[in-house]
Amino acid sequence: MSRMPMLELFAGELRRLRGDPGLSQEALGERVNYSASLVAAVEQCRRPPREEFAQRCDEALRAGGLLVRIRDALIRESLMPWFREWVSIEQEATALRSFEPLVVPGLLQTEAYARALYEGAAQLAGEEIEQPLAARLARQAVLNRPGPPQFVAVLDHTVLERPVGGPKVMREQLRHLADVGRRPRVHLHLVPRGTGAYPGLNGAFVLATPPDGDDVGYLDNQLHGTIVERTVDVNSLRQIWESVRAEAMPHGATLAAISEAAGQWT
């Protein structure tokens, strides 16, 4: 995979900022509490910088926010062009309603679970994984910001049973899911095991409520996602959402089921 210009820019600026005061990779690593090998990997474009790494280097090297701004641009660049518009909608939404029949929604995935999906489902490998993985994890900040959107997710029970990444990854993922589900503005609902055919089985989708204007939908598929804005189509998604939600367990029972499932992954 060709290296992205913003990744090279970040690496070059990090080398320059480190070199000006004469710091070695080991010395910078000690200052920011990361290994010298990680500093080297970022400077050689073998690993994209994570948010905390960029922030700590910015502070340690007195870069005035430069590295953080470059990383933000890197994240935007690493998104597929057709996905950038949806991410902008997602980040500004006051409410998000997500249905996922196959896997944990991206906003709720752990790093290890997301990595296993990129390796197994998207069939990416090595360096190809790092940039989209960093972008997916960066999107999750929307749930951590002050005044986060109300996030309601319905999952099919099979999501708890599919061994993505193996038992350890699944145990960690389901514990994380239960932890996030206890936040005040996050509500999780599980379609019980044994439920027959229901409308949501036709595919995953999200409904976003913007600060002003009408709801916007997003459909995921094998090739690329589709943003849905036509009133008749959005109304159809709303009806499907209500049908899916009606099949699902209450929030409290869902958290109990997720916690129980996490304990079974040994």
Side-chain angles (χ1 to χ4, degrees), residues 1-80 87 103-104 106-144 163-177 179-180 265:
M1 186 175 96
S2 62
R3 290 172 176 169
M4 295 183 175
M6 283 296 168
L7 187 60
E8 294 176 343
L9 177 61
F10 187 98
E13 287 301 295
L14 180 60
R15 287 194 300 270
R16 179 184 66 81
L17 290 164
R18 177 179 63 78
D20 285 349
L23 289 175
S24 65
Q25 292 174 339
E26 290 78 7
L28 176 59
E30 288 178 6
R31 288 194 183 187
V32 298
N33 201 26
Y34 282 90
S35 67
S37 62
L38 178 64
V39 175
V42 173
E43 290 190 355
Q44 295 164 14
C45 295
R46 290 185 288 109
R47 286 280 298 274
R50 297 293 165 83
E51 182 178 19
E52 186 179 36
F53 178 85
Q55 289 173 343
R56 290 188 181 183
C57 288
D58 236 326
E59 293 169 3
L61 299 171
R62 299 179 182 178
L66 175 64
L67 293 177
V68 170
R69 290 193 297 273
I70 296 174
R71 181 188 177 274
D72 288 345
L74 166 64
I75 293 300
R76 289 193 298 272
E77 183 188 65
S78 65
L79 297 170
M80 292 294 188
V87 170
V103 296
V104 173
L107 292 181
L108 303 177
Q109 292 174 8
T110 63
E111 179 176 345
Y113 185 94
R115 186 181 293 277
L117 282 178
Y118 278 120
E119 290 173 347
Q123 296 193 322
L124 301 179
E127 292 180 32
E128 291 180 319
I129 294 175
E130 297 303 327
Q131 291 170 15
L133 177 62
R136 176 167 296 183
L137 297 177
R139 286 172 49 217
Q140 298 177 356
V142 69
L143 299 181
N144 301 323
V164 175
K168 181 179 178 182
V169 171
M170 286 300 299
R171 185 169 63 250
E172 177 192 58
Q173 173 63 74
L174 296 187
R175 286 175 176 170
H176 175 70
L177 198 57
D179 288 344
V180 176
W265 285 103

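Everything quoted here is computed from the prediction, not taken from an experiment.
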query = If you measure from CD on Glu13 to CG on Leu66, what distance do you get to the nearest 0.5 Å?
reply = 5.5 Å
task = Specify the closest pair of heavy atoms between Arg71 and Ala138, including all atoms of both residues, with the distance to one decimal.
result = NH2-CB, 4.1 Å
key: Presence of salt bridge, Asp20 and Arg16, under 4.0 angstrom   = yes
query = What are the two closest heavy atoms between Gly64 and Asp58, and how far apart are they?
reply = N-OD1, 3.7 Å
task = Would you check, one step at a time, whether the test side-chain contact (heavy atoms from CB on, under 4.5 Å) holds for Leu14 with Leu61?
result = CA-CA 9 Å; Leu14 180 60; Leu61 299 171; 3.8 Å; yes
request  = Please name the residue in the list Gln25, Arg56, Glu52 that meets the side-chain hydrogen bond (donor to acceptor under 3.5 Å, both in side chains) test with Tyr34.
outcome  = Glu52
remark   = On a heavy-atom basis, the closest approach of Leu67 and Phe10 is O-CE1, 3.2 Å
note = Heavy-atom nearest pair, Ala11 first then Glu43, reads CB-O, 3.4 Å
inquiry  = For Val164 and Gln173: C-alpha separation, side-chain torsions, deciding distance, then whether side-chain contact (heavy atoms from CB on, under 4.5 Å) applies.
reply    = CA-CA 10 Å; Val164 175; Gln173 173 63 74; over 6 Å; no
request  = To the nearest 0.5 Å, tell me how far Leu9 CG sits from Arg69 CZ.
outcome  = 11.0 Å
Verdict with supporting geometry, Leu108 and Leu143, side-chain contact (heavy atoms from CB on, under 4.5 Å) = CA-CA 9 Å; Leu108 303 177; Leu143 299 181; 3.9 Å; yes
request  = For Arg31, look at atom CZ and say whether over 12 heavy atoms of other residues, nucleotides or ligands are found less than 6.0 Å away.
outcome  = no
inquiry  = If I compare all heavy atoms of Leu7 with all of Pro49, which pair ends up nearest, and what's the gap?
reply    = CD1-CD, 4.0 Å
key: Test applied, side chain to side chain contact (heavy atoms under 4.5 Å, CB included); reference residue, Gln109; option that passes from Arg139, His176, Arg136   = Arg136
request  = Indicate the atoms forming the closest heavy-atom contact of Val32 with Ala60, along with that distance.
outcome  = CG1-CB, 3.8 Å
task = In plain terms, say whether Arg50 and Glu111 are close enough for a salt bridge, that is, a side-chain N and a carboxylate O under 4.0 Å apart.
result = yes
ask   = From Glu30 CD over to Ser24 OG, what is the distance, rounded to the nearest 0.5 angstrom?
value = 7.5 Å
pair Tyr113-Leu177: side-chain heavy atoms closer than 4.5 Å = no
